[in-house]
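For reference, the structure discussed in these notes is given below.
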Amino acid sequence: MSLKQLIEKCIEQDAQAQSQLYKQYASKLFSLCLKYSRNYVEAEDNLHETFLTIFDKIGQFNHKGSFEGWLKRIAINTALQKYRQHVGVYDIVNEEAIEDSNIEIDDQDLSLDFLLKIIQELPDRYRLVFNLYALDGYSHNEISDLIGISVGTSKSNLARARKILKTKIEDYKEKSNSRSI
């Protein structure tokens, strides 16, 4: 069955087609949900909500652009919507006080699992901005619109996330070096 046929069957609420769509895209969307979640269970919840939204809105896909990109956008928006509901999640920051620091990590020996773990440990506001900017390529203006914060707050949260990650990586390296001695 072609992608277009699969989408048409999902619009008709065909359970078999919905199951096939889920099987085809669940792992990709789950890894995306995991980036925006604090843990595995929250990522599963985000994935399920994402698919509920996909099946509800699939008739709105107009076959322009990538279907997978459309699905990813829904997954990201589902995760961000949860955080918008929390009052006080984002700090208001004076934009002129922002130092746009670029922190370089020169070690290629860090596992993907370790990096994902320390990113998930970031405070919500830092993790969201870091993922949107560093991993998904959104601009600070786009992040500002997506999660309802100022551009300055986005830049500040990114800088703080990078500093936290750098500290955690340096601590990990020190512990690894002291174990190998």
| said: Could you tell me if the side chain of Leu132 sits less than 4.5 Å from the side chain of Tyr36, heavy atoms only? | reply: yes
| said: Just so I know, are the side chains of Gln24 and Leu6 near enough to count as touching, which here means a heavy-atom distance under 4.5 Å? | reply: yes
Tabulate below the donor-acceptor pairs under 3.5 Å that side-chain atoms of residues 46-59 make, not counting sequence neighbours, or state none.
unit_1	atom_1	unit_2	atom_2	d
Asn46	OD1	Lys82	NZ	3.0
Asn46	ND2	Ser37	OG	2.9
Thr50	OG1	Asn46	O	2.7
Thr53	OG1	Glu49	O	3.0

| said: With a 3.5 Å distance limit and no angle check, can you tell me whether Thr153 reaches the backbone of Ile149 through a side-chain donor-acceptor pair? | reply: no
| message | I'd like to know whether the aromatic ring centres of Phe30 and Tyr40 sit less than 6.0 Å apart in this structure. | response | yes
| query | Nearest 0.5 Å, what's the CD-CZ distance between Gln120 and Arg127? | reply | 7.5 Å
| side-chain hydrogen bond (donor to acceptor under 3.5 Å, both in side chains) against Asp171, all qualifying residues, sequence neighbours excluded | none
| said: Between Phe130 and Leu165, is there a side-chain heavy-atom distance shorter than 4.5 Å? | reply: yes
| query | Between the side chain of Glu170 and the main-chain N/O of Thr167, is any donor-acceptor distance below 3.5 Å? | reply | no
| request: For Tyr133 and Arg162, run side chain to side chain contact (heavy atoms under 4.5 Å, CB included): C-alpha distance rounded to whole Å, both residues' side-chain angles, the deciding distance at 0.1 Å, then the answer. | output: CA-CA 11 Å; Tyr133 185 86; Arg162 286 177 171 166; 3.6 Å; yes
| Same apolar cluster: Ile164 and Leu116, side chain cutoff 4.5 Å | no
| query | Can you tell me how far the NZ atom of Lys155 sits from the CD1 atom of Ile143, to the nearest 0.5 Å? | reply | 11.0 Å
Just distance, no hydrogens or angles: give the donor-acceptor pairs under 3.5 Å from side chains in residues 9-21, sequence neighbours left out.
unit_1	atom_1	unit_2	atom_2	d
Asp14	OD1	Gln16	N	2.9
Asp14	OD1	Ala17	N	2.8

| query | In chain order, what residues pass the side chain to side chain contact (heavy atoms under 4.5 Å, CB included) check against Ser144, with sequence neighbours excluded? | reply | Val151
| field | From Ile119 atom CD1 to Lys117 atom NZ, the distance as rounded to the nearest 0.5 Å | value | 12.0 Å
| said: Looking at every heavy atom in both Leu146 and Arg73, which two are closest together, and how far apart are they? | reply: CD2-NH1, 3.7 Å
| message | Can you confirm whether Lys72 sits close enough to Leu29 that some side-chain heavy atom of one is under 4.5 Å from a side-chain heavy atom of the other? | response | yes
| task | State plainly whether the residues Lys4 and Glu8 are in salt-bridge range, i.e. N to O under 4.0 Å. | result | no
| Linking I/L/V/M/F/W/Y whenever their side-chain heavy atoms sit closer than 4.5 Å, directly or via other members, would Ile74 and Tyr138 fall into one cluster? | no
| In the single-linkage hydrophobic clustering (I, L, V, M, F, W, Y; side-chain heavy atoms under 4.5 Å), do Tyr25 and Leu34 co-cluster? | yes
| request: Look at the side chain of Gln5 and the backbone N and O of Ser2, then say whether any donor-acceptor pair between them is shorter than 3.5 Å. | output: yes
| message | According to ring-ring contact (aromatic ring centres under 6.0 Å, His included), who are the partners of Phe61, at least two apart in sequence or on a separate chain? | response | His63, Phe67, Trp70
| Value rounded to 0.5 Å, distance of NZ in Lys28 from SG in Cys33 | 14.5 Å
| request: To the nearest 0.5 Å, tell me how far Leu3 CG sits from Ser66 OG. | output: 9.0 Å
| Is it true that Glu121 and Lys168 make a salt bridge, defined as a side-chain N closer than 4.0 Å to a carboxylate O? | yes
| query | Mind checking what makes side chain to side chain contact (heavy atoms under 4.5 Å, CB included) contact with Lys35, not counting sequence neighbours? | reply | Leu32, Asn131, Leu135, Asp136
| field | Residue pair Val129 / Ser154: nearest heavy atoms and the distance that separates them | value | CG1-O, 3.3 Å
